[in-house]
Peer 1: 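Sharing a structure here in structure tokens format.
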Amino acid sequence: MSSINSNNPYGDSRQHHILSVMVQNRPGVLARVSGLFARRGYNIYSLAVAPSDDPNYSRITIVVDISATPLEQIVKQLFKLIDVVRITELDPRKSVERELMIATVRVDGERRGQISELANLFEAKVLAVGADAVTISIDGNPEKIDDFEELLRGYGIVESQRTGRVALPKLEREARKGATKGKAS
Amino acid sequence: MSTKETLTGAEALIRSLEMENVEIMFGLPGGCILPAYDPLLKSSIRHVLVRHEQGAGHMAQGYAHVTGRPGVAMVTSGPAATNMVTPLCDAFMDSIPMVCITGQVSTSAIGTDAFQECDTVGITRSVTKHNELVMRAEDIPMAVRQAFYIATTGRPGPVLIDMPKDVLQNTMTWHWPTDEEVVDSLPGYRPNVKGHPKMIKEAAKLILASEKPVLYLGGGVLKARAAEVVKELAELLQIPVVTTLMARGAFPDNHPLCYGMPGMHGTATAITAMQKSDLLIALGSRFDDRVTGKVNSFAQDAKIIHVDIDPAEQGKVRKPDVPIVGDCRQVVEELLKAIKELMAEGVSATDITPWRSRVNGWKEQFPLTYDMSGPGDKLKPQFCLEKLRDAAPEGTIVVSGVGQHQMWTSLFWEFNEPYTWVNSGGLGTMGFSVPAAIGAKAAKPERTVWAIDGDGCFQMTAQELVTATTEGIHVKIAILNNTYLGMVRQWQEMFYGERYSEVDLAGCPDFVKWAEAMGCVGIRVESVDEIDEAIALANSINDRSVVVEFRVEEFEKVFPMVPAGASNDEVLLHPNQESRREFLK
């Protein structure tokens with residue numbers, strides 16, 4: 001399993017943390033940000049960077065597996081970087097997380113149907129079909145992708161690539177318009 | 001300016017520096033920075049030509065230390081930039097405002113391993129507050145304005161601007177950004193100077209309620225120009241004060257409330273007062289490991305008020321009970337108001353007379369001490385320092401290198417005025433003192449500047465005395481020559497069973513001849529009866545730099561000492577005082 005939670009390298013109860021860092025969209029910013037982790041010998045588990053809705057700014061989503069105390073210090077030091085405009089730590093329980101994976105799987109004609117069926121179940125898309133392989137794309141929450149990847153493994157993954165995780169806070173229940181159903185009173 | 005003016009990037013750079021009121025810069029030209037040195041010929045800025053780029057960096061630091069204004073250094077690419085890494089890191093650790101300009105290969109050659117190319121912004125990224133590779137000539141004025149703004153506001157620090165050669169050669173239309181444009185260009189940089197009123201009130205209450213408070217002053221007090229208001233606070237409630245290595249002079253040593261330096265080589269009184277305190281009022285100090293000793297046994301009963309402009313310092317080492325992010329001067333001004341208001345409302349200050357008399361008792365029992373040398377023995381370094389101190393003209397600025405001589409100077413000198421002590425605290429850069437003294441003297445030509453150096457340190461950067469001579473910046477250097485890397489030797493004696501490994505500098509050069517070769521006056525002092533005359537002579541010479549070599553006792557150790565990793569409760573006193581240890585209770 002490649003999920004950060006199931007494959008905790010520290011073997012303790014550390015939880016993964018998601019940092020959403022809004023930065024000025026300029027050269028060198030990513031190096032400054034990642035340098036603060038590297039300096040302490042921490043690995044960044046996943047990283048996704050793209051311009052935000054305002055092209056002057058980029059949003060960096062960083063997933064790390066660090067206990068809370070050093071992370072608090074890193075967050076403060078990240079915020080000291082001149083190019084960092086805003087940092088939000090997203091609580092995994094209160095966030096929507098998404099990843100995308102594309103994978104090429106070796107299949108002969110006989111088993112192609114099984115793969116196609118599996119793809120349907122997971123709402124994955126078949127992107128390309130070759131004589132003895134198919135390329136599939138799937139997006140969704142990271143656990144779902146873990147599960148799918150695990151099932152594909154049985155067929156033989158030739159190559160696969162997952163994106164870094166992106167995340168946004170879940171909408172507060174109160175903010176969901178008309179969501180009164182199920183409320184006790 | 002109404003008409004659009006076309007300038008080369010180099011002209012724009014020099015004009016920008018003039019606009020920032022730079023009066024002096026320290027540097028050494030080379031291939032890629034060549035274009036910038038041409039307009040310098042007709043500039044109002046004085047350029048001090050150094051003999052090694054590291055010297056330019058430390059001179060800029062010395063200038064900044066004593067003026068509070070950013071020191072400026074300009075050097076070329078590649079090896080010059082890498083030689084600048086140490087001063088940048090030093091300035092970063094000690095929060096010294098500094099702007100460094102480096103040349104870079106032309107934009108088209110960047111990344112090709114061109115001659116004298118290095119990834120300067122990459123290399124200096126972690127030792128600067130900010131750095132910038134300027135890719136277009138028209139961006140130069142903004143880059144310079146941002147650099148000065150960032151270097152001098154918030155927690156000060158070094159900023160580097162990397163200037164490719166073609167950017168300096170290309171032309172641009174002159175435009176000087178407004179303050180507003182500078183601030184708008186840095187949306188992620190909004191230093192918080194004003195402390196939170198609720199936290200300040202909370203702090204005021206804690207201070208009034210405390211029975212055993214200590215004001216723990218760090219370098220931030222000096223950076224914030226807060227010495228006056230801090231003194232007012234100390235005097236209002238008669239709170240004992242300790243000044244860290246970076247804060248020496250922030251509170252006068254001759255003040256009855258001053259108990260000197262805390263930390264690994266602090267006074268027994270300062271160390272113990274913090275250990276026994278019930279409230280540490282940390283102002284611009286950062287709970288450095290050299291101050292706290294073993295962290296989990298540091299001032300265990302003390303609540304902490306931590307005032308620092310850098311939010312990342314809050315809770316980094318010790319969780320504060322009252323964190324206040326803000327400029328020390330502004331916060332302490334507000335704190336004084338809050339205390340006075342509470343007192344006006346009828347809250348009375350706790351009587352801390354018993355605490356003060358306890359602290360004074362330690363001060364009486366454990367003064368700084370050393371054994372005087374016997375007849376025919378080598379000089380004691382502490383004795384030389386006392387003599388230098390007592391003969392120093394009013395307002396003398398003292399600069400030190402790193403090691404035993406630094407600790408002795410910090411302990412035995414009496415600093416009664418802010419900005420008269422310049423040293424490398426955080427990074428501990430040997431070789432700091434000669435160039436830093438030159439920078440300090442360039443900033444304050446009317447002051448006497450004494451650099452107190454060790455023989456090891458001196459041999460690292462002494463060549464800058466050639467700069468001092470040619471530039472007419474006359475400093476005085478006292479070398480406490482024990483022919484050892486003294487502090488390392490002390491550790492090998494105390495913690496490695498006297499197994500001395502590579503600390504013997506016995507093959508030391510003839511410092512007098514060396515000084516003379518660099519155009520300085522060289523004086524050697526070997527016995528007690530030569531001291532007064534030598535120091536008087538050194539103080540009387542104002543047209544040349546002077547190097548006084550004191551041949552001192554090799555095996556003298558710095559006391560008190562808290563061994564690395566030990567608790568401050570386990571401070572090793574001077575052997576003469578160990579029998580009185582029980583009085584430290």
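Below, read A as the first sequence line, B as the second, and so on, with proteins coming before strands; counting in each chain starts at 1.
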Peer 1: So which residue, A/Ala31, A/Gly28, A/Gly35, A/Pro27, ends up with the most heavy-atom pairs under 4.5 Å with chain B?
Peer 2: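 Maximum pair count with chain B is reached by A/Ala31.
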Peer 1: Which answer fits B/Pro311, side chain, backbone, both or neither, if we ask what part of it has an atom under 4.5 Å from a heavy atom of chain A?
Peer 2: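 Backbone of B/Pro311 only, per the 4.5 Å heavy-atom cut-off to chain A.
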Peer 1: Enumerate, by atom name, each donor-acceptor pair separated by under 3.5 Å where one atom lies in chain B and the other in chain A.
Peer 2:
from: B/Asn131; atom 1: O; to: A/Arg32; atom 2: NH2; distance (Å): 2.8
from: B/Asn131; atom 1: OD1; to: A/Arg32; atom 2: NH1; distance (Å): 3.2
from: B/Asn131; atom 1: OD1; to: A/Arg32; atom 2: NH2; distance (Å): 2.9
from: B/Glu132; atom 1: OE1; to: A/Arg26; atom 2: NH2; distance (Å): 3.3
from: B/Glu132; atom 1: OE2; to: A/Arg26; atom 2: NH2; distance (Å): 2.5
from: B/Ser185; atom 1: O; to: A/Gln24; atom 2: NE2; distance (Å): 3.4
from: B/Asp310; atom 1: OD2; to: A/Lys80; atom 2: NZ; distance (Å): 2.5
from: B/Ala312; atom 1: O; to: A/Gln73; atom 2: NE2; distance (Å): 2.9
from: B/Gln314; atom 1: O; to: A/Lys76; atom 2: NZ; distance (Å): 2.5

Peer 1: Nearest 0.5 Å, what's the CG-CD1 distance between B/Leu186 and A/Ile82?
Peer 2: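 These two atoms lie 7.0 Å from each other.
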Peer 1: Measure distances from A/Leu81 to the heavy atoms of chain B and classify the residue's part below 4.5 Å as side chain, backbone, both or neither.
Peer 2: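 The backbone, not the side chain.
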